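Only a predicted model underlies this, so the values are computations on that prediction, with no experimental measurement involved. Worth knowing before you read on, the calculation uses all heavy atoms, side chains too, and leaves out hydrogens, waters and symmetry mates.
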Protein chains: 2
Amino acid sequence: MATIKDVAKLADVSPSTVSRVIAGSNRISLETKLRVKRAMEELNYVPNAIARSLARSRSRTIGFTIAREADQAFSNPFFSEVMRGMSTIAQARDYNILLSISRTPEEERQKCMQLFRERRVDGLIVSTSRKQDPLIDLLIAENVPFALIGRSCEHPVLSVNNDNIQAAKKATLHLLEQGYEKVVFISGDPNLIVSQDRISGYKQALSEKGISFAAERAVTAEFSIESGFNALQELKSRGVDFDAVLAADDLFALGALQFAGHNRLRVPEELGIVGFNDSPLLSFTNPPLTSVKILSYELGMEAVKLLLNALSDPEHCSLPAEHVIPSQLIIRQSSLKKNREMDCT
Amino acid sequence: MATIKDVAKLADVSPSTVSRVIAGSNRISLETKLRVKRAMEELNYVPNAIARSLARSRSRTIGFTIAREADQAFSNPFFSEVMRGMSTIAQARDYNILLSISRTPEEERQKCMQLFRERRVDGLIVSTSRKQDPLIDLLIAENVPFALIGRSCEHPVLSVNNDNIQAAKKATLHLLEQGYEKVVFISGDPNLIVSQDRISGYKQALSEKGISFAAERAVTAEFSIESGFNALQELKSRGVDFDAVLAADDLFALGALQFAGHNRLRVPEELGIVGFNDSPLLSFTNPPLTSVKILSYELGMEAVKLLLNALSDPEHCSLPAEHVIPSQLIIRQSSLKKNREMDCT
DNA sequence: CTGTTAGCGCGTTCAA
DNA sequence: TTGAACGCGCTAACAG
């Protein structure tokens with residue numbers, strides 16, 4: 001591998017001149033610039049990124065960390081899409097992405113701090129969804145540049161969030177406007193910010209329509225089809241009456257579909273169903289499921305933009321702002337009591 | 001940020017002594033070792049990974065590159081799982097993963113070479129699936145350590161592959177043994193190695209059962225449900241008779257399911273269906289779909305193991321070997337003409 | 001416009 | 001067992 005010295009020697013200049021050519025400095029004569037460039041070509045020279053990082057004390061790398069269990073949601077397309085979005089912006093700005101998947105939140109915390117303190121990354125994109133995650137306090141305390149993705153935050157930090165409140169509200173209103181009158185809500189882990197946001201949107205929609213919220217109509221399920229099914233069965237056995245379900249995840253929506261089949265309820269006539277995430281293949285259920293589509297790709301792009309801007313303008317700039325990416329309600333048959341159009345956004 | 005010098009000063013030793021403590025050298029007195037450690041604690045010292053990389057000419061980072069279009073398969077869980085597997089091993093061996101998602105194969109080629117020549121990564125895990133991809137020749141020519149994932153290779157290189165041939169064969173045999181007699185095959189892009197392997201397994205199964213292969217019974221589809229549906233419609237309109245479908249992807253299997261619905265064929269009685277990939281939510285179709293499950297997590301783990309072994313033992317070791325990870329046939333109703341057990345692996 | 005001189009923070013000889 | 005000196009490859013401040 002040729003180094004900057006080799007190039008310098010061949011071009012008969014000093015290393016710093018070569019460095020200037022690399023940096024595109026204009027305080028250099030066209031002639032020597034060309035000579036240097038020819039030498040670089042000839043030697044097939046590529047600057048050593050590690051050495052540059054050391055000299056400039058910046059790695060031009062950002063870390064992306066997630067903590068996921070084996071079985072859990074990591075396999076859902078959300079993260080894939082987020083990564084694609086991140087990658088798009090990172091490439092364009094000549095940054096790299098370091099990926100770290102942890103098994104537990106504690107491990108993630110460790111990894112985050114390690115990556116930054118080792119100077120391996122200039123900043124982090126973090127996707128924790130727990131409320132008041134200690135990781136966030138730690139990052140703030142240690143002055144680590146970072147952006148949150150897929151959540152809002154109590155503290156004033158950079159974050160990109162999807163509009164869970166609005167989305168849940170819109171979905172609920174959609175059901176009500178379709179003529180359903182008793183909408184129940186299946187929530188995920190109530191400790192997650194997303195869950196709280198979604199239920200809050202559900203409540204807002206109810207109150208907007210003059211319907212009072214009943215705590216018994218909102219139930220919690222674990223992350224599985226079965227758990228969604230069971231949640232509804234239990235509601236039923238408790239005598240709670242309902243004709244529509246807003247599910248905080250597509251899995252629950254599928255559980256609701258099973259519930260309908262099990263109880264011989266026609267969908268959408270007797271039971272309306274709306275899910276969250278617009279999972280692939282979802283349009284293939286019978287009937288096709290209405291679902292809220294999160295724009296994960298855009299989330300990823302925006303998070304990196306925010307972070308890189310903050311990095312390039314360390315002091316002044318970027319007053320910690322939460323960017324909200326609107327999501328789309330993909331309407332399919334499962335929520336169309338009035339049975340109208342099929343697929344509008 | 002404290003540096004090694006600060007620690008040295010505080011412990012009243014030379015930087016090289018501190019370096020030895022970090023490296024865990026045993027040629028050091030217990031006393032000074034403790035003194036140094038205390039100083040590190042006190043200063044909250046963490047070695048600068050960039051500086052180490054420069055000094056040792058190794059980044060302890062491996063690159064993972066993929067070239068995916070927006071719409072395409074990247075959102076399928078394969079890559080998520082592969083990454084989880086890679087991450088597991090990388091963490092354990094104290095390596096990091098650099099992620100690069102390109103839009104085109106050319107871009108991917110660029111990125112691969114750049115990452116390595118910049119010394120940002122010590123080696124690469126590459127997931128190209130195109131036959132005779134020029135990227136591979138390039139990597140070999142430039143002596144880049146790398147491992148292929150999800151494919152075999154003409155050249156003697158490190159690779160981890162799932163047993164597409166065996167899997168397709170097993171799936172076909174399963175259909176035949178269920179009493180289906182005319183199995184057709186829906187293939188993906190015939191330029192991909194996976195496609196060729198799967199069709200080859202299909203043929204092997206036929207010949208093993210004394211059935212001659214008819215070219216007209218194997219069709220190619222594009223990556224969508226609709227295309228799978230169309231492929232079968234066309235077969236039918238051409239007068240090709242069949243009672244079972246082996247689909248090289250779950251999407252095609254879903255297309256087959258639509259085809260059955262459209263033509264009022266009962267599944268599995270009148271049409272047997274087996275897919276590939278065991279996509280999540282798949283068990284929820286009606287009837288639940290039989291599918292080949294690829295052990296992507298294991299693929300990721302194995303690829304990193306192979307690469308890291310090769311890196312740690314540059315010359316000698318690792319005779320380029322192809323590791324094959326067996327996949328599992330997840331049997332559900334869609335292929336059970338004899339209607340027996342439901343879910344065996 | 002260009003060269004010289006110092007680092008960036010750590011690993012690794014070579015002596016002692 | 002320890003320290004001094006040098007090098008990894010590049011950037012940047014200071015001269016000229």
Side-chain angles (χ1 to χ4, degrees), chain A residues 1-40 43-61 94 96 114-122 312, chain B residues 1-37 39-40 43-61 94 96 114-122:
Chain A
M1 289 279 102
T3 76
I4 201 171
K5 284 185 192 166
D6 302 323
V7 177
K9 225 167 275 174
L10 182 59
D12 197 35
V13 294
S14 78
S16 34
T17 300
V18 178
S19 178
R20 290 192 187 98
V21 173
I22 296 173
S25 161
N26 49 358
R27 302 185 320 169
I28 232 174
S29 79
L30 187 62
E31 189 218 359
T32 54
K33 184 182 291 188
L34 286 177
R35 194 146 37 88
V36 170
K37 288 206 167 175
R38 227 178 301 124
M40 300 202 300
L43 294 176
N44 233 309
Y45 169 73
V46 177
N48 181 319
I50 303 290
R52 302 185 88 177
S53 294
L54 183 60
R56 309 167 66 166
S57 320
R58 298 193 287 103
S59 62
R60 282 198 97 76
T61 303
D94 198 25
N96 291 94
Q114 188 193 345
L115 287 177
F116 182 72
R117 309 199 53 201
E118 280 184 334
R119 293 292 168 207
R120 230 181 249 286
V121 303
D122 297 337
S312 66
Chain B
M1 288 278 102
T3 77
I4 203 173
K5 283 185 195 166
D6 302 322
V7 176
K9 226 166 277 176
L10 183 59
D12 197 35
V13 295
S14 78
S16 31
T17 300
V18 178
S19 178
R20 290 194 185 96
V21 173
I22 296 172
S25 162
N26 48 356
R27 304 183 316 166
I28 229 173
S29 79
L30 186 62
E31 189 218 0
T32 55
K33 184 183 288 189
L34 286 178
R35 195 145 37 89
V36 169
K37 289 206 168 176
M40 299 202 301
L43 294 175
N44 233 308
Y45 171 73
V46 177
N48 180 319
I50 303 290
R52 304 185 85 179
S53 296
L54 183 59
R56 309 168 67 168
S57 318
R58 297 192 290 102
S59 62
R60 282 197 98 75
T61 302
D94 199 24
N96 291 93
Q114 189 193 343
L115 287 178
F116 182 72
R117 309 198 52 201
E118 280 183 334
R119 294 291 168 208
R120 232 181 248 285
V121 302
D122 297 336

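Annotation: cation-pi pair B:R119/B:F116 present, NZ/CZ under 6.0 Å from the ring centroid and within 45° of its normal.
The interatomic distance linking A:K9 (NZ) with C:dT2 (C1') rounds to 18 Å, in whole Å. As a whole-Å value, the separation of A:N48 CG from D:dC10 C1' is 8 Å. For the pair B:R56 CZ and C:dC8 C1', the interatomic distance rounds to 18 Å; values are reported in whole Å. Residue B:N26 contributes atom CG, which lies 12 Å from atom P of D:dT2 at whole-angstrom precision. The distance between atom CZ of B:R58 and atom C1' of C:dG11, rounded to the nearest whole Å, is 11 Å. Rounding to whole angstrom units, NZ of residue A:K33 and P of C:dT2 are separated by 10 Å. Residue A:D6 contributes atom CG, which lies 13 Å from atom C1' of D:dC10 at whole-angstrom precision. Between A:R52 atom CZ and D:dC10 atom P the separation is 9 Å, expressed in whole Å.
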B:I4 and B:I22: CA distance, side-chain angles, deciding distance, side chain to side chain contact (heavy atoms under 4.5 Å, CB included) verdict:
CA-CA 10 Å; B:I4 203 173; B:I22 296 172; 4.2 Å; yes

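Between atom CD1 of residue A:I50 and atom CD of residue B:E118 there is a gap of 9.0 Å, rounded to the nearest 0.5 Å. Taken from CG in A:D122 to OG in A:S53, the straight-line distance is 7.5 Å, to the nearest 0.5 Å.
Along DNA chain C, the nucleotide nearest to B:I22 and the one nearest to B:K5 differ in position, and the one closer to the 5' end is contacted by B:K5. Each of B:A55 and B:D12 was assigned the nucleotide of DNA chain D with the nearest heavy atom; the assignment lying further toward the 5' end belongs to B:D12.
Here the nucleotide nearest the side chain of A:I28, chosen from C:dT2, D:dT2, C:dC8, is C:dT2. Which of C:dG11, C:dT2, D:dT11 sits closest to the side chain of A:R27 comes down to C:dT2. Of the candidates D:dT1, D:dC10, C:dT2, the closest approach to any side-chain atom of B:S29 belongs to D:dT1. For A:L54, taking side-chain heavy atoms from C-beta onward, the closest of the listed nucleotides C:dG9, D:dT2, C:dC1 is C:dG9. Nearest nucleotide to the A:S16 side chain, out of C:dC1, C:dG11, C:dG3: C:dG3.
Contact between the side-chain N/O atoms of A:T32 and the OP1/OP2 oxygens of C:dT2 is found at a separation under 4.0 Å. In this structure, A:S14 does not reach the C:dT2 phosphate: none of its side-chain N or O atoms is under 4.0 Å from OP1 or OP2.
Residue contacts shown for B:R20 include a base, since a base heavy atom lies under 4.0 Å away. Among the heavy atoms of the strands, none lies under 4.0 Å from B:V18. Looking at heavy-atom distances under 4.0 Å, A:S57 makes no contact with the nucleic acid at all. In this structure, A:P47 reaches the sugar-phosphate backbone alone: every heavy-atom distance under 4.0 Å involves primed, P, OP1 or OP2 atoms, never a base. Using a 4.0 Å heavy-atom distance criterion, A:S53 is classed as making no nucleic acid contact.
Of the possible polar contacts, one joining the A:S59 side chain to the A:R120 backbone as a donor-acceptor pair under 3.5 Å is found. A donor-acceptor contact shorter than 3.5 Å is absent between the side chain of B:R60 and the backbone of B:A49.
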